[in-house]
Amino acid sequence: MNRPQPVEQMVEIIKKLPGVGPKMAERLSYHILKMPQSEVNRLIDSIQKGRQSMKYCDVCFNLSETNPCPICSDPSRDKNMLCVVETPQDLLAVSKVKDYRGLYFVLGGALSPLDAIGPDDIRVAQLLKKLKSDKITEIILATDADSKGETTALYLAQLIKPFNIKVTRLGYGLPVGGDIEYADEVTLSRAIAGRKEM
Ligand SMILES: [Zn+2]
């Protein structure tokens, strides 16, 4: 017996979420079918509201309710320092480190030749444009400590060199293969303090 058509549709759409395979999609679908209607309404409502109210900041490409985002609109931030991260979740993790008072730039991913993700698929052009227009003296490359993140950091360091800007990479403490997003505040604080020039 096949799954009833409405359930099939739920599985198909939930399967598209990152990290969710066909089995998990089926489990989640049947779980939702068991939930009280009020809970289902809350789930739908929170997704709708989140999607409608969050927008990209034109300055750093962070996701925020306002454009520019609160970090870019904060006059007390050090405009000479730029921390480059892969995703808004990574920015959120680094923003918990109180010693860092500079600005951010969200690349929107990392270079991955195996997945055919090149410089045009992430915000390399926008970053270079920013370097030309803003007075930045140091760039911290805070991409993940995995092979994609390392490839991206090396590539960007080469591109930034001609601008005469100090380029640093997060230092010790981050586990190899580690995702910035899941690193705790103390580890990130040490990694920023121990950043090395590239
Ligand atoms: Zn911003």
Inset, instruction - Apply side-chain contact (heavy atoms from CB on, under 4.5 Å) to the pair I180 and V94, showing each step before the final yes or no. - result: CA-CA 8 Å; I180 300 277; V94 181; 3.9 Å; yes
Legend entry - Side-chain donor-acceptor contact under 3.5 Å, D90 with T87: yes
Legend entry - Residues, nucleotides or ligands: over 12 heavy atoms within 6.0 Å of K55 NZ: yes
Inset, instruction - Would you check if the side chain of E86 reaches a backbone N or O of D144 as a donor-acceptor pair within less than 3.5 Å? - result: yes
Legend entry - Criterion side-chain contact (heavy atoms from CB on, under 4.5 Å) on I140 and L170, from CA distance to verdict: CA-CA 7 Å; I140 303 173; L170 290 188; 3.8 Å; yes
Legend entry - Whether over 12 other heavy atoms sit under 6.0 Å from R27 CZ: no
Inset, instruction - Give a yes or no on this: more than 12 heavy atoms of other residues, nucleotides or ligands lie within 6.0 Å of atom NZ of K148. - result: no
Inset, instruction - Give the intermediate values and the outcome of side-chain contact (heavy atoms from CB on, under 4.5 Å) for residues Y104 and N62. - result: CA-CA 8 Å; Y104 295 90; N62 182 19; over 6 Å; no
Inset, instruction - Determine whether more than 12 heavy atoms belonging to other residues, nucleotides or ligands lie under 6.0 Å from atom CE of M54. - result: yes
Legend entry - More than 12 heavy atoms of other groups within 6.0 Å of D184 CG: yes
Inset, instruction - Spell out, as yes or no, whether a donor-acceptor pair under 3.5 Å connects the side chain of R123 to the backbone of V106. - result: yes
Inset, instruction - Please check if atom CD in Q5 has more than 12 non-hydrogen atoms from other residues, nucleotides or ligands closer than 6.0 Å. - result: yes
Legend entry - Over 12 foreign heavy atoms within 6.0 Å of OH, Y182: no
Inset, instruction - Could you tell me whether K23 and E26 have a side-chain N and a carboxylate O separated by less than 4.0 Å? - result: no
Inset, instruction - List the steps and the verdict of side-chain contact (heavy atoms from CB on, under 4.5 Å) for E39 and K34. - result: CA-CA 10 Å; E39 279 295 300; K34 274 193 312 193; over 6 Å; no
Inset, instruction - Among L131, T168, L156, find the residue that satisfies the side chain to side chain contact (heavy atoms under 4.5 Å, CB included) test when tested with I139. - result: L131
Inset, instruction - Taking atom types as modelled, find out whether T143 and R169 have a side-chain donor-acceptor pair closer than 3.5 angstrom. - result: yes
Legend entry - T187 side-chain N/O to A183 backbone N/O, donor-acceptor pair under 3.5 Å: no
Legend entry - Passing candidate, side chain to side chain contact (heavy atoms under 4.5 Å, CB included) with V84, options V167, L107, T152, I160: L107
Legend entry - Carboxylate-amine/guanidinium contact K98 E185, below 4.0 Å: yes
Inset, instruction - Keeping the roles fixed (side chain from Y100, backbone from C83), state whether a donor-acceptor pair exists under 3.5 Å. - result: yes
Legend entry - Least distance between heavy atoms, M198 atom then L141 atom: SD-CD1, 3.6 Å
Inset, instruction - Check whether any side-chain heavy atom of I14 lies under 4.5 Å from a side-chain heavy atom of V20, and answer yes or no. - result: yes
